[in-house]
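Every chain is numbered from 1, with letters handed out A, B, ... down the list of sequences.
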Number of protein chains: 2
Amino acid sequence: MATMQDVARLAQVSVSTVSYVLTGARPISQATRDKVLAAMAELDYQPNAMARGLASRRSRIVGLLLPMDERGLGATETAFVTGAAAGASAAGYHLVLAPIGVGDRDELRRLASQRMFDGALLMEVQLRDPRVDVLRELGVPLVLIGRTADTTDLSYVDIDFDRTVAEAVGHLVDLGHRRIVYVNHSAGTIAEGYGPALRTRDAFTAAMAAHGLEPLMIPAEDSAAGGRSALATALRQAPDLTAILAMNESAVFGLLGELHRRGLRVPDDVSVISMVTSPQVAELATPALTAMNSPGTALGRIAIETLLRHVDGGHREIHQQLLPCALQVRGSSGPPRTAGTAYPGAGGRQRPGPGSRAARRSAATARRP
Amino acid sequence: MATMQDVARLAQVSVSTVSYVLTGARPISQATRDKVLAAMAELDYQPNAMARGLASRRSRIVGLLLPMDERGLGATETAFVTGAAAGASAAGYHLVLAPIGVGDRDELRRLASQRMFDGALLMEVQLRDPRVDVLRELGVPLVLIGRTADTTDLSYVDIDFDRTVAEAVGHLVDLGHRRIVYVNHSAGTIAEGYGPALRTRDAFTAAMAAHGLEPLMIPAEDSAAGGRSALATALRQAPDLTAILAMNESAVFGLLGELHRRGLRVPDDVSVISMVTSPQVAELATPALTAMNSPGTALGRIAIETLLRHVDGGHREIHQQLLPCALQVRGSSGPPRTAGTAYPGAGGRQRPGPGSRAARRSAATARRP
DNA sequence: CTGAAAGCGCTAACAT
DNA sequence: ATGTTAGCGCTTTCAG
């Protein structure tokens, strides 16, 4: 393995000159630069990462902090990770996957004190996240994927839940739906302050109010079973529902199954929109789910780029960015059964079909102008 | 940030003594060890990772090499990754996610030459994988998750496809199925030598032969659409099929959807088993998929442990281990429609239900003793 | 525009 | 059982 010494000797220059052509930290004449480059090529020289890290106090490694206790990552989280890894790699950085959640405060302090990370990306951020304090205290630049309650002086990228929910609700209202139920994450998740669950809850309430509609939210465990029982609850509390918005990739499948079991057809009897969903998962359902596609990869990439700007540049300006999920209409949304009559111009398919829930929908129908 | 110097000064010993209590590379008296430990605690000392790496020529970082070009990781691959990350972390190592596939030979050479990785885990291994040559040449220990064609002197962990397929086929045969179709990955994937596709193909042929049955394999693109058209092909080539084995998490959902569209019920008309599938994904289907659960997390953990044995110990003995997927019977498998009569002792539910495919199955029925 | 040399913080001989 | 010291390979002053 050739060292910088070897290169310097072969190129007949000093080591510092070799270093400077590598880092570009000071001007080098074209002639000597060429000599050095030639020597490097000749020797297959690659700078030693540890030596460089020690001398420059920059490891060129960033940490991706995420808890991995639970049952693996969802498709959206996986997209964050791959987006971040690709972004880091493209910038000549390395991404370390560190299994560190909000509870691993001391473990993080230990890790960060070793100065292996030039910066850190935090995933699964809680409204109150001790990891932020630890990193700040140690002077490690950080960027959140998600948001804490107080984001003063904090860079983050996150999903624009307000816009995402508003667009989802808008899509359903445009189709003619009035009685829309929101299936959120579990009550426990909401109680412990999980941002996305809280933000979408509030956004749903606001969006429905903006249309003069009454919001109904049902919590559901993140599982098919959770989705099934959420549907039961939903039909009990709102027998006249014609559309469901679901924030829960796992639950939505149970929900679809239960709809089917009860003889309710999608989208003819009930429209279903899945929020913050990866296209791959949306395509698995039958019919394929109309969904708000999560910008997972883009978020990961932007987060890394933001972080590296802080690390590289000493860039002190914070960067806070929200990305909405994009509506992608697939097969699970359509006009409500009676919309053809009530809203002739609402667009979408008109499939009157054989009626089976006419009684149930009487309330919704009555509500219309 | 305290350095080893500071600790040595405070404890009134030499730096080497501090180093040795840290590494345990030579005996230290209890008295001085205590002094040193106290000083460390007092100063909140953490060894500098880069300095340690440079001096010891060991970064305590291992690379996880996987291509990330395509449309993200599946649940099974994600489980590898999280298993490996957890294992590395538990052993005091760091796991770098390096987006490097079989085609990134030069990029890998560059990376590995920087001596940032003490070892590497290779994912998405092809039968002929140039990454192996590069790493060997550079003296970087490696462990495969998967297998190349020639595994001489190579440590690997992989799924035991033979056993997995045999058990899946066995389950179906026990239920009374005789006409079983295997839906594999795409023809292109098979042609380019993707190990799992080839191995399961051969294992399927062997398993069917062992039961005196005729194998039929249909390739399918890794998508819902691929699954749908694979089903059409399957029904054309084997109208009498009663069971499908699918090696393709995406296709299997399309397959289920298409079965449903054609009025074929699962498992009453057709049993479906998904191979190498994560429980989370299996639970999404309706009915939940009977599946061969992939041992993703375990593979990742074992792979890391094997690698670290090579790295730490200079352990030269290779380790080759296959783990089968465990059969988990959920709702998508049951006896074939007529099995109740033909194989009264076959077990499982008996749901005769209203016949709709009697004609189609005549051939299969005829085949039975 | 280039060179010389002093570290970066630690490990691992080599001493004793 | 402990101390001394020479590097590990690079960056970055400080000089020219």
Would you kindly say whether A/Asp150 and A/Thr148 are connected by a side-chain donor-acceptor distance under 3.5 Å?
no

Residue pair A/Gln114 / A/Arg110, side-chain donor-acceptor N/O under 3.5 Å
yes

Would you kindly check whether a donor in the side chain of A/Ser16 faces an acceptor in the base of C/dA4, or vice versa, at under 3.5 angstrom?
yes

Do B/Thr32 and B/Ser29 get their side chains close enough for a donor-acceptor pair, meaning under 3.5 Å?
yes

For the pair made of CD in A/Gln12 and P in C/dA4, what is the distance, rounded to whole Å?
13 Å

Spacing of B/Asp34 atom CG relative to D/dA1 atom P, expressed in whole Å:
15 Å

Does a side-chain N or O of A/Thr17 approach OP1 or OP2 of C/dT2 to a distance below 4.0 Å, or not?
no

Between P of C/dT11 and CD1 of B/Ile28, the distance in whole Å
12 Å

Checking contacts here: which listed nucleotide (C/dG3, D/dA1, C/dC1) is nearest the side-chain heavy atoms of B/Ser29?
D/dA1

Determine the minimum heavy-atom distance between A/Ser278 and A/Thr76, stating which atoms define it.
N-OG1, 4.1 Å

Report yes or no: do A/Glu317 and A/His319 form a side-chain donor-acceptor pair below 3.5 Å?
no

Please report the interatomic distance CG(B/Leu64) to CG(A/Leu95), rounded to the nearest 0.5 Å.
11.5 Å

Test item: A/Asp104 side-chain N/O and A/Glu107 main-chain N/O as donor-acceptor pair under 3.5 Å
no

With distance as the sole test, does B/Asp118 use its side chain to make a donor-acceptor pair with the main-chain N or O of B/Val311 at under 3.5 Å?
no

What pairs of nitrogen or oxygen atoms, one from the protein and one from nucleotides 14-16 of chain D, lie under 3.5 Å apart?
none

So what does B/Val18 hit on the nucleic acid, given a heavy-atom distance under 4.0 Å: a base, only sugar-phosphate, or nothing?
nothing

Could you run down the sub-3.5 Å N/O contacts of the protein with nucleotides 6-10 of chain C?
residue, atom, partner, partner atom, Å
C/dC8, O4', A/Arg57, NH2, 3.3
C/dC8, O2, A/Ala55, N, 3.4
C/dC10, OP1, B/Tyr45, OH, 2.4
C/dC10, OP1, B/Asn48, N, 3.1
C/dC10, OP2, B/Met4, N, 2.4

